[in-house]
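Report on the following structure.
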Amino acid sequence: MRTSLCDRLGIEHPIVGFTPSEHVAAAISRAGGLGVLGCVRYNDPADVDAALTFMDENTDGKPYGVDVVMPAKVPAEGAELDLAKLVPEGHRAWVDETLLKLGVPPLAEAETNGAVLGWLHSVARQHVEVALSHRASLIANALGSPPDDVIAQAHEHGMLVAALAGKAEHARRHAGNGVDIVIAQGHEAGGHTGEIGTMVLIPEIVDALGPDVPVLAAGGIGSGRQVAAALALGASGVWMGTAWLTTEEYKLTVTEGAMHDALLAATSSDTVRSRIYSGKPARLLKNSWTKAWEAEGAPDPLPMPLQNILVADAHQRLMKSGDPDVVPMPTGQIVGRFSEAQPVADLVASLVSEGDATLDRLGKLR
């Protein structure tokens, strides 16, 4: 199971894995895929530098990538200052009351980290600057095409640029902006995702771009059969996220057992697409927290990045509460496939072996 994308990225298998864990990302690269480290959770550039130093030292010289959250439009100078003042007090009061109703304890002062600033354009730029000083071979942007100067910088450093798309028109725009790889993310996917299902979206984007721009299929992929299906639809590889959340290595980054318990117990019906996580539609685990936002009297979510500022402290409290029924986790529908933790290397091996077997089986149907 090998495509032209493997040669372009310098990897063995057409499997790209997005994860907020440097331990998981490094393990994916060591196993022959391309591990892509999500940087949005880092507020301090020094933490990004430390994580990428870990990647440099723990990938056996194999390639890896980074993922940032950067709007293509550069905000006006000073526009990101004092954003917390724009969060309505009524929203803050509702969040506090809801946490109380759910029995979520407050954090100790030492545990409070404040808002995740990686959603801000200025901070994402700092993430890019750090990445350019490391061995990363790909930079992916979760909010469309990066600004032109960022694409140019990446190309000057020999890095490929990828961007997510939920419609064919988005994909064409990315290609026109100089993006090298388009990630076609279907409705089933975790995190920020659109309204078109993967089965429909992948061939639409492949046909829109033609043979010169490789497409990674994302959304609802967790087995070798699904990898083979993505290749049959014209994709050059797959972009997977949810599957890695249930791996053994992920426990090294996120130590709260409640999250792992919630993920392993979830079915494919236990997700919901909502704006409550970041202000943009994102698929999350369905639980008491998400249901509270759907109840009568709940406020409307705020636009990005105000929603993240509103719920940042709440997310930390929910994650550390020890209650699997309130974990605020972006998760795709494929979560229902995973009921036990396994090492990253074993997951990659099973994807490849089942994918090869599927392609062999299909080849015999002629």
Side-chain angles (χ1 to χ4, degrees), residues 15-30 33-56 58-59 64-70 113-120 123-124 126-128 130-131 134 136 138-143 162 164 183 185 189-193 218 222 239-260 262-264 266 271 277-278 280 282-285 304-305 308 311-312 315-316 318-320 327-332 334-335 338 341 343-344 347:
I15 297 169
V16 181
F18 163 80
T19 172
S21 165
E22 63 269 31
H23 298 281
V24 175
I28 294 169
S29 289
R30 291 197 304 269
L34 185 78
V36 177
L37 179 64
C39 293
V40 72
R41 70 188 181 95
Y42 298 112
N43 291 344
D44 189 339
D47 293 333
V48 181
D49 185 61
L52 296 187
T53 297
F54 177 91
M55 295 293 294
D56 291 338
N58 290 275
T59 47
Y64 68 86
V66 297
D67 180 275
V68 298
V69 179
M70 178 183 288
N113 298 323
V116 178
L117 301 179
W119 301 103
L120 302 183
V123 176
Q126 294 175 21
H127 294 167
V128 172
V130 173
H134 286 269
L138 176 139
I139 182 165
N141 189 34
L143 290 179
L164 275 71
I183 303 158
Q185 180 162 286
H192 296 121
T193 190
W239 171 280
M240 298 170 56
T242 298
W244 315 110
L245 298 175
T246 61
T247 59
E248 293 287 351
E249 287 86 348
Y250 195 72
K251 295 179 183 179
L252 299 174
T253 298
V254 181
T255 57
E256 290 79 12
M259 190 212 70
H260 233 242
L263 291 167
L264 294 175
T271 70
Y277 191 80
S278 69
K280 288 184 177 292
R283 188 172 298 284
L284 317 169
L285 275 181
M304 180 186 281
N308 172 258
V311 299
H315 283 176
Q316 293 178 60
L318 292 163
M319 195 68 81
K320 293 180 179 295
V327 170
M329 195 66 200
T331 308
I334 197 64
V335 68
F338 302 99
V344 166
L347 176 54

Legend entry - Non-hydrogen side-chain atoms of L284 and M329 separated by less than 4.5 Å: no
Legend entry - Under 3.5 Å donor-acceptor, H260 side chain and A341 backbone: no
Inset, instruction - Would you confirm whether R30, through its side chain, and N58, through its main-chain N or O, come within 3.5 Å as a donor-acceptor pair? - result: yes
Inset, instruction - Drop me the distance from D47's CG to L52's CG, to the nearest 0.5 angstrom. - result: 11.0 Å
Inset, instruction - Over all heavy atoms of both residues, which pair between L285 and A262 is shortest? Give the atoms and the distance, please. - result: CD1-CB, 3.9 Å
Inset, instruction - Considering non-hydrogen atoms only, spot the tightest contact between A25 and M55 and give its length. - result: CB-CE, 3.6 Å
Inset, instruction - Nearest 0.5 Å please: distance from the CG atom of L37 over to the OG1 atom of T19. - result: 7.0 Å
Legend entry - Over all atoms of both residues, closest heavy-atom pair of Y250 and S21: CD1-CB, 3.7 Å
Inset, instruction - State, with a plain yes or no, whether a side-chain heavy atom of K251 is found less than 4.5 Å away from one of M259. - result: no
Inset, instruction - Using distance alone, with no hydrogens and no angle criterion, decide if R283 and T271 have a side-chain donor and acceptor under 3.5 Å apart. - result: yes
Legend entry - Verdict with reasoning, L143 to M304, per side-chain contact (heavy atoms from CB on, under 4.5 Å): CA-CA 11 Å; L143 290 179; M304 180 186 281; 3.8 Å; yes
Legend entry - Straight-line distance of E22 CD to D56 CG, nearest 0.5 Å: 12.0 Å
Legend entry - Gap between atom CG of D49 and atom NE2 of H127 - 0.5 Å precision: 11.5 Å
Inset, instruction - Taking the six-membered ring for Trp and the single ring otherwise, decide whether the centroids of Y64 and H134 are under 6.0 Å apart. - result: no
Legend entry - Chi angles and distances behind the side-chain contact (heavy atoms from CB on, under 4.5 Å) call for V128, M70: CA-CA 10 Å; V128 172; M70 178 183 288; 3.9 Å; yes
Inset, instruction - If the plane angle is over 60° it's perpendicular, under 30° parallel, otherwise tilted; pick one for Y277 and H315. - result: parallel
Inset, instruction - Mark yes or no for whether D67, through its side chain, and V36, through its backbone, hold a donor-acceptor pair below 3.5 Å. - result: no
Legend entry - Side-chain touch L263/T331, heavy atoms, less than 4.5 angstrom: yes
Inset, instruction - Work out which heavy atom in A131 is nearest to a heavy atom in A136; give both atom names and the distance. - result: O-CB, 4.3 Å
Inset, instruction - Answer yes if the ring centres of F54 and H23 are under 6.0 angstrom apart, and no otherwise. - result: yes
Inset, instruction - Starting at CD1 of I183, measure out to CZ of F18 and round the result to the nearest 0.5 Å. - result: 9.5 Å
Inset, instruction - For E249 and V344, indicate whether the former's side chain and the latter's backbone hold a donor-acceptor pair under 3.5 Å. - result: yes
Legend entry - Side-chain (T242) to main-chain (V335) donor-acceptor, under 3.5 angstrom: no
Inset, instruction - Rounded to the nearest 0.5 Å, what's the gap from CE on M240 to CD1 on I334? Could you check? - result: 8.0 Å
Legend entry - Donor-acceptor contact below 3.5 Å, side chain T247 vs main chain W244: yes
Legend entry - Nearest non-hydrogen partners of L164 and A142, listed with the distance: CD1-CA, 4.2 Å
Legend entry - F338 vs L347 side-chain heavy atoms within contact, under 4.5 Å: yes
Legend entry - S29 side-chain N/O to A26 backbone N/O, donor-acceptor pair under 3.5 Å: no
